[in-house]
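Working notes for the structure below.
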Number of protein chains: 4
Amino acid sequence: MENLAEKKKAILESTLQLIKENGFHGTPMSLVAKTANVAAGTIYHYFDSKDTLIMELFSYCQYRMQAAVEQHLRQDMDFQESFFLRWISRCQFYIQNPEVAFFIEQFVNSPFYPRCSQAQSERPQNEIMQFIEAGNRHGILREMDPKLMAIMIHSSIMTAAKAHLDGKVQLRNEEFKQLAQMVWDSIRKL
Amino acid sequence: MENLAEKKKAILESTLQLIKENGFHGTPMSLVAKTANVAAGTIYHYFDSKDTLIMELFSYCQYRMQAAVEQHLRQDMDFQESFFLRWISRCQFYIQNPEVAFFIEQFVNSPFYPRCSQAQSERPQNEIMQFIEAGNRHGILREMDPKLMAIMIHSSIMTAAKAHLDGKVQLRNEEFKQLAQMVWDSIRKL
Amino acid sequence: MENLAEKKKAILESTLQLIKENGFHGTPMSLVAKTANVAAGTIYHYFDSKDTLIMELFSYCQYRMQAAVEQHLRQDMDFQESFFLRWISRCQFYIQNPEVAFFIEQFVNSPFYPRCSQAQSERPQNEIMQFIEAGNRHGILREMDPKLMAIMIHSSIMTAAKAHLDGKVQLRNEEFKQLAQMVWDSIRKL
Amino acid sequence: MENLAEKKKAILESTLQLIKENGFHGTPMSLVAKTANVAAGTIYHYFDSKDTLIMELFSYCQYRMQAAVEQHLRQDMDFQESFFLRWISRCQFYIQNPEVAFFIEQFVNSPFYPRCSQAQSERPQNEIMQFIEAGNRHGILREMDPKLMAIMIHSSIMTAAKAHLDGKVQLRNEEFKQLAQMVWDSIRKL
DNA sequence: AATGAATGAGGTTTCATTCAT
DNA sequence: CATGAATGAAACCTCATTCAT
């Protein structure tokens, strides 16, 4: 995933940017080609179809997200600290990569999403779920279907990031902590 | 809003259904016309363009949601009871009207959404915000920008409903209560 | 022709005005209806089709032109004076009724024109031709097919009027006389 | 202008022919495509829109006319001879290229024309005007706004050609000379 | 006589995709 | 590998016309 042909990467990045700005509708292949400085036909060397391109873009975004989050993880933390760090670093990733956030949200709310393999579509939640199950083994968290809990947590991250990106609120250190605390209090045993 | 010409309503409902199933892309005007049993041109009697149709559909969904929620409200409840009732009844509305849920989520994550007036786009959150401000006057809720809190609450409702509709979890009375409790614990002063 | 039903006249006049501003293309029946303050269906009480409306409009314009020109004719003039008067008064009619001028020119250069009866299409030239034949009987005019001469004269009138209406030149008394003289010198025996 | 891509030229020529036969109305892009033996979409490779196509067609006609007229010019002629030659060769060009004549006349009487740049729209008259100004320097022509005189001359050429093409008169050598003489007598000092 | 909602054929244009170079 | 002219199905939309009221 790190050694993408230069042109392939240019195509992915251009598409990501254009979809952020114009949505799926407003992103014809001809425009992707122009923005990526390649010929229209070249795109079809790397992707079978527009659908394929978009599906791969979703993988590409998940990969970028994963890579970013891993950088922040450390071992010497207790469970709560670890939760705060994860929540905040994910949220900051979306804020620093708005085109990823907008693309993912459009994608998961489109007819593309149900066509992903489960393994693929649930990967981000799964990582959170493993974390939850670790918490459960220590009896820290409240009783709840871990899958549902993971979904709620993931949504809280994305929602906060989008609110910031849409300019509806401004998130600073203070607010990140408030939000992480808020979500923490919603999942822990009181 | 209650006396929509019969054909106009048929067009709105058909579009809603089709977008749920096929997304914006997969919903050409010709298909809307066929599904609504009107001629293609008739749509343009009621809506200036496809864009207009979709924008009006958003208003229409907000209206339907509002009307549904109001049915459940009662006066003789304390603040927490009222919160639970509201959270659960909204969530159930989305579950009982999946086409509304799917449409709204597609819409707010599309380039259409930023083109709505603020007044229009923030109406659902505003209603929640007023509720929050009432809570604040009683000193019940934790310190936090009410706008942000409203956004987080609204998102939790939609997220839970979608998880259910996508078949990822199954929400029953038990789970509704758990979820409402979870969100309640995240906003109240501990 | 003088007792046109009020609505019929409103339709004709609206069409004339709209075609001047927007051309045939830019003049849909719905717009004619709105401008004339009648319902779309009403137009079809008075005219079989849009084509019929346009054909009748041509007659209507010829009638208006004829009526205007006749007002100016007097008996006690020699041939040349009469020519000048006719040339100038026709030219002024077009300038004072630009919508007629623009419509006629569009009409005669459209596929409608060849579908007119000869009698109809040549009426304006015929009147000029009778005048020419009178001149010929007095041996005043140069040898030339009277039909061709009539066409050339008629065209000179319209051309001058359009140049004025398009703002390319400004015609005042002086210029009218120059022009009439110019055309007169082109048809008389030198 | 001489090395137009083969397909582009086919599109222009087909459009020209079709507009002659059916007018602007009766010339849908689909028919242009079929007649030019290209796909509908191909037209939009070369022209932004139907409007653009028609505007470019006007330039193309002016270019063809210009090229044709230049072939006939010679140096060793006095002013009057030169005038006759120019008048007649232009008139014959229109007669030999009726689709150009019909297109130009439709175009200049349509809402397209006012949208041309002045430079563009007055080019044919300008060339005549320069000729007139040369005549004025020799004191040969009568006193008159050269612009107006140019317009009248240009119109006489087109009018004669159209009368012939419409079958209203038949122009042969004899008549060309008569007409050129007639116009010459209308502009020269008597 | 008059209305205007409704029709649907057909117009212009877009765009994912192909293929000869 | 890469190009981009060419394709043509299908999208959005218009508008002359009809007909129940």
* Taking atom types as modelled, is there a side-chain donor on B:Q120 or B:S59 under 3.5 Å from an acceptor on the other? -> yes
* More 5' along DNA chain F: B:H25 or C:K50, using each one's nearest nucleotide? -> B:H25
* Report yes if a side-chain nitrogen or oxygen of B:K7 is closer than 4.0 Å to either non-bridging phosphate oxygen (OP1 or OP2) of E:dT7; otherwise report no. => yes
* Asked: Any side-chain donor paired with an acceptor under 3.5 Å for B:E13 and B:Y60?
  -> yes
* **Minimum-distance pair of heavy atoms, taken over all atoms of C:F103 and C:I54** => CZ-O, 3.6 Å
* Asked: Is the NZ or CZ atom of A:K8 both under 6.0 Å from the centre of the six-membered ring of A:F47 and within 45° of that ring's axis?
  -> yes
* Structure fact -> Of A:M29 and B:H45, the one whose nearest nucleotide on DNA chain E sits closer to the 5' end is B:H45
* To do: Please report the closest heavy-atom contact between A:T52 and A:D48, naming both atoms and the distance.
  => OG1-CB, 3.6 Å
* Asked: Reading DNA chain E 5' to 3', how would its secondary structure be written in dot-bracket notation, given Watson-Crick and G-U pairs with both distances under 3.5 Å, brackets [ ] for crossing pairs and | for partners on other strands?
  -> .||||||||||||||||||||
* To do: For B:T27 and B:G23, indicate whether the former's side chain and the latter's backbone hold a donor-acceptor pair under 3.5 Å.
  => yes
* **B:K34 NZ to E:dG8 C1', straight-line distance once rounded to whole Å** => 14 Å
* Asked: Is D:K50 close enough and on-axis enough to D:Y44, meaning under 6.0 Å and within 45°, for cation-pi?
  -> no
* Asked: For DNA chain F, which nucleotides open and close the run of contacts to chain A, 5' to 3', at under 4.0 angstrom from a non-hydrogen atom?
  -> F:dA2 to F:dG4
* To do: Mind calculating the distance between CG (A:D48) and P (E:dA16) to the nearest angstrom?
  => 15 Å
* Locate the shortest heavy-atom distance separating A:A101 from A:M158; write the atom from each residue and the value. => O-CE, 4.0 Å
* **Worked verdict on B:N37 versus B:K7 for side-chain hydrogen bond (donor to acceptor under 3.5 Å, both in side chains)** => CA-CA 9 Å; B:N37 281 314; B:K7 302 222 169 184; over 6 Å; no
* Asked: E:dT14 C1' sits how many Å from A:F24 CZ, rounded?
  -> 19 Å
* B:V38 backbone acceptor or donor facing B:T42 side chain under 3.5 Å -> no
* Structure fact -> Here the residues of residues 35-44 of chain C within 4.0 Å heavy-atom distance, strictly under, of DNA chain E are C:V38, C:A39, C:A40, C:G41, C:T42
* Backbone N or O of B:Q106 within a donor-acceptor pair of the A:Q106 side chain at under 3.5 Å? -> no
* With DNA chain E as reference, determine whether D:S30 or B:Y46 sits nearer its 5' end, using the nearest nucleotide of each. => B:Y46
